[in-house]
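What follows is a single structure, written as structure tokens, with notes after it.
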Amino acid sequence: MDIEVAKRLQQTEEYYFSKKLREIDEMNRNGSAVINLGIGSPDLPPHPEVIQVLQEQAALGTTHGYQSYKGAPALRQAMADWYDRYYHVALNPNTEILPLIGSKEGIVHICMTYLQEGDEALIPNPGYPAYSSAVTITGATPVSYALTAENNWLPDFEELEKMDLSRVKLMWINYPHMPTGALATRALFEEIIAFGLRHNILICHDNPYSFILNDNPQSIMEVPGAMEVAIELNSLSKSSNMAGWRIGMLVAKESRIAQIMRFKSNMDSGMFLPLQLAAAKALSLDSSWYSELNAEYKERREKVSAIMDLLECTYDRNQVGLFVWAKIPSSYQDAYQICDDVLYKAHVFITPGAIFGTAGSQYIRISLCAKPAVYETAIERIKQALK
């Protein structure tokens, strides 16, 4: 018996990494020992004090029950303090912050709360594939807006204003940008907020990379008027080395938090309390944590740059975040070709930029989530493969 999948999934494909990792697993079973430089999953541990809080709280007999859908007060207060300390944004921890089981779920929660068939949502091209997938699942239509190297991977508002925006209900943005590593300016955030207010479009800013190789973390919520028209997602996955813990946050005005809770409260039963209390500890760490983390990433970025040089790719050395994004040489037809060439000849997996949209078809991305020695091995393999 064959049961057809729901209409909402018929245009939604399996995530590229999910399919590719199966192929890599098969290669490894056959002895290839593939080096995976594709996915941005931090390989470093959280701060020891974070682990200590988790262990101590999990050992108690009183921390294992269901928790509030809105998250523990201690975690919401820690999130508010963190926003105040690093972004200079004052938030009410009781009404303007919603802890999430990873910020990726927030993308779906926002789309399911506000979008339906007939609506449209603006999606960056290139951009994180989850935005388009989440929009499609709701029955709404993703409409891409182009980001180009010539415009520093920032939205072109002249082009946006030429579009038919009558059915556009929300717009996804993401700075520091993944995959390109581009930084937003305060002026850009001000222009985006003005654009959203002018066209009654909800601006959804996904902000998980602001502390990685970046000395000036920014939040769109710093801009006057942002709370009226914007939602921001943030995460401990990258900046606190807690990707597998699945801890994120959603920042918005009180009425929007309540609207999103109408969906979220039907999807989970709260987060394990020891995780929340450990996350609160992670958010309370001083800036030396980020300085030490970025010192490590700077060393790794030099190794990744050496790989890009070997592959004769060109790239901006000022990009930030957890990856290096580079344009491939003209000798390759597209990003898939060079990535498969490196995978099958050197047994090194790197990410084709085309999975982030058509604007990424001539680009590749390499993650900073491997030890320096691993990059050295990858460099030697690629040197041998290119002989």
Side-chain angles (χ1 to χ4, degrees), residues 14-45 126 128-129 177-181 209 212-213 237-238 241 243-244 293-294 296-317 319-357 359-387:
E14 183 182 3
Y15 198 35
Y16 170 82
F17 285 123
S18 175
K19 293 185 289 186
K20 205 65 180 178
L21 289 177
R22 282 204 305 274
E23 181 181 353
I24 290 170
D25 285 344
E26 183 63 27
M27 290 178 67
N28 288 337
R29 280 194 290 271
N30 293 326
S32 295
V34 173
I35 295 173
N36 186 345
L37 302 181
I39 298 177
S41 179
D43 61 308
L44 298 167
Y128 185 30
H177 185 246
M178 198 290 293
T180 70
Y209 295 99
I212 307 300
L213 293 173
S237 292
K238 318 300 184 184
N241 294 338
L293 187 63
N294 284 326
E296 174 72 22
Y297 283 135
K298 284 176 183 175
E299 180 184 358
R300 296 175 179 203
R301 186 166 58 181
E302 290 304 311
K303 303 292 185 185
V304 172
S305 295
I307 294 174
M308 293 300 194
D309 292 341
L310 271 177
L311 296 174
E312 299 181 351
C313 293
T314 55
Y315 52 93
D316 178 2
R317 289 187 176 272
Q319 60 186 281
V320 302
L322 210 54
F323 310 94
V324 174
W325 174 257
K327 189 169 186 179
I328 64 175
S330 58
S331 54
Y332 288 95
Q333 178 180 342
D334 58 26
Y336 289 115
Q337 185 182 26
I338 187 172
C339 289
D340 282 346
D341 204 32
V342 173
L343 176 60
Y344 301 137
K345 292 181 179 178
H347 296 166
V348 174
F349 174 55
I350 57 181
T351 303
I355 74 166
F356 304 109
S361 64
Q362 300 300 308
Y363 292 82
I364 58 173
R365 189 195 76 174
I366 297 180
S367 163
L368 302 183
C369 298
K371 301 287 189 294
V374 174
Y375 292 111
E376 289 291 350
T377 302
I379 288 168
E380 289 308 310
R381 287 188 186 184
I382 293 170
K383 281 180 179 177
Q384 293 298 318
L386 294 179
K387 279 184 176 179

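Not measured: the values here are computed from a predicted model. The basis for the numbers below is simple: all heavy atoms, side chains too, and nothing from hydrogens, waters or symmetry mates.
A distance of 11.0 Å separates CG in N28 from CD in E23, rounded to the nearest 0.5 Å. Put simply, CG on L293 and CG on L44 are 6.5 Å apart, with the number rounded to the nearest 0.5 Å. The CG atom of L343 sits 11.0 Å away from the CG atom of L37 when rounded to the nearest 0.5 Å. Distance check: R301 CZ to Q319 CD gives 7.5 Å after rounding to the nearest 0.5 Å.
For the salt bridge (charged side-chain N to carboxylate O under 4.0 Å, His left out) test, no residue two or more places apart in sequence or in another chain qualifies with K298. Qualifying side-chain contact (heavy atoms from CB on, under 4.5 Å) partners for R317, counting only residues two or more places apart in sequence or in other chains: E302, S305, D309, Y315. The salt bridge (charged side-chain N to carboxylate O under 4.0 Å, His left out) test applied to E299 returns no partner, not counting sequence neighbours. For Y336, there are no side-chain hydrogen bond (donor to acceptor under 3.5 Å, both in side chains) partners at least two apart in sequence or on another chain. Contacts of D25 classified as side-chain contact (heavy atoms from CB on, under 4.5 Å), with partners at least two apart in sequence or in another chain: R29. When the side-chain contact (heavy atoms from CB on, under 4.5 Å) test is applied to S237, the partners found at least two apart in sequence or on another chain are S235, A243, R246. Applying the ring pair (Phe, Tyr, Trp, His ring centres under 6.0 Å) criterion to F349, with sequence neighbours excluded, gives no partner residue. Under the rule for a salt bridge (charged side-chain N to carboxylate O under 4.0 Å, His left out), the partners of D43 that lie at least two apart in sequence or sit in another chain are R300, K371.
Residues I212 and K238 share a closest heavy-atom pair of CD1-O, 3.8 Å. Shown here for M308 and V324, the closest heavy-atom pair between the two residues is CE-O, 3.4 Å. In plain terms, the two heavy atoms of P45 and N241 that are nearest each other are O-ND2, 3.0 Å. Shown here for G360 and P126, the closest heavy-atom pair between the two residues is N-CB, 4.4 Å.
Side-chain atoms of R365 come within 3.5 Å of backbone N or O of G38 as a donor-acceptor pair.
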Please tabulate, one pair per line, all N/O donor-acceptor pairs under 3.5 Å involving side-chain atoms of residues 374-383, not counting sequence neighbours.
unit_1: Y375; atom_1: OH; unit_2: S367; atom_2: O; d: 2.6
unit_1: Y375; atom_1: OH; unit_2: L368; atom_2: O; d: 3.4
unit_1: Y375; atom_1: OH; unit_2: C369; atom_2: N; d: 3.2
unit_1: Y375; atom_1: OH; unit_2: A370; atom_2: N; d: 3.3
unit_1: E376; atom_1: OE2; unit_2: K303; atom_2: NZ; d: 2.4
unit_1: T377; atom_1: OG1; unit_2: A373; atom_2: O; d: 3.1
unit_1: R381; atom_1: NH1; unit_2: A33; atom_2: O; d: 3.0
unit_1: R381; atom_1: NH1; unit_2: H347; atom_2: O; d: 2.9
unit_1: R381; atom_1: NH2; unit_2: A33; atom_2: O; d: 3.0

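Checking each of D340, N36, T351 against K20 for a side chain to side chain donor-acceptor pair (under 3.5 Å) leaves exactly one that passes, namely D340.
The shortest distance between side-chain heavy atoms of L311 and I350 falls below 4.5 Å. Looking at C313 and Y332, their side chains never come closer than 4.5 Å, going by heavy atoms from C-beta outward. Within the 4.5 Å cutoff, the side chain of Y297 has heavy atoms near those of the L322 side chain. For the pair L21 and I39, the minimum side-chain heavy-atom distance is below 4.5 Å. The shortest side-chain heavy-atom distance between I355 and P179 does not fall under the 4.5 Å cut-off.
The environment of Q333 atom CD is sparse: at most 12 non-hydrogen atoms of other residues, nucleotides or ligands sit within 6.0 angstrom.
Note on ring orientation: taking the six-membered ring where Trp is involved, the planes of W325 and F356 are perpendicular (angle over 60°, cut-offs 30° and 60°).
Pairs of residues two or more places apart, or lying in two chains, never qualify as salt bridge (Lys or Arg N to Asp or Glu O under 4.0 Å) while including a residue from residues 319-334.
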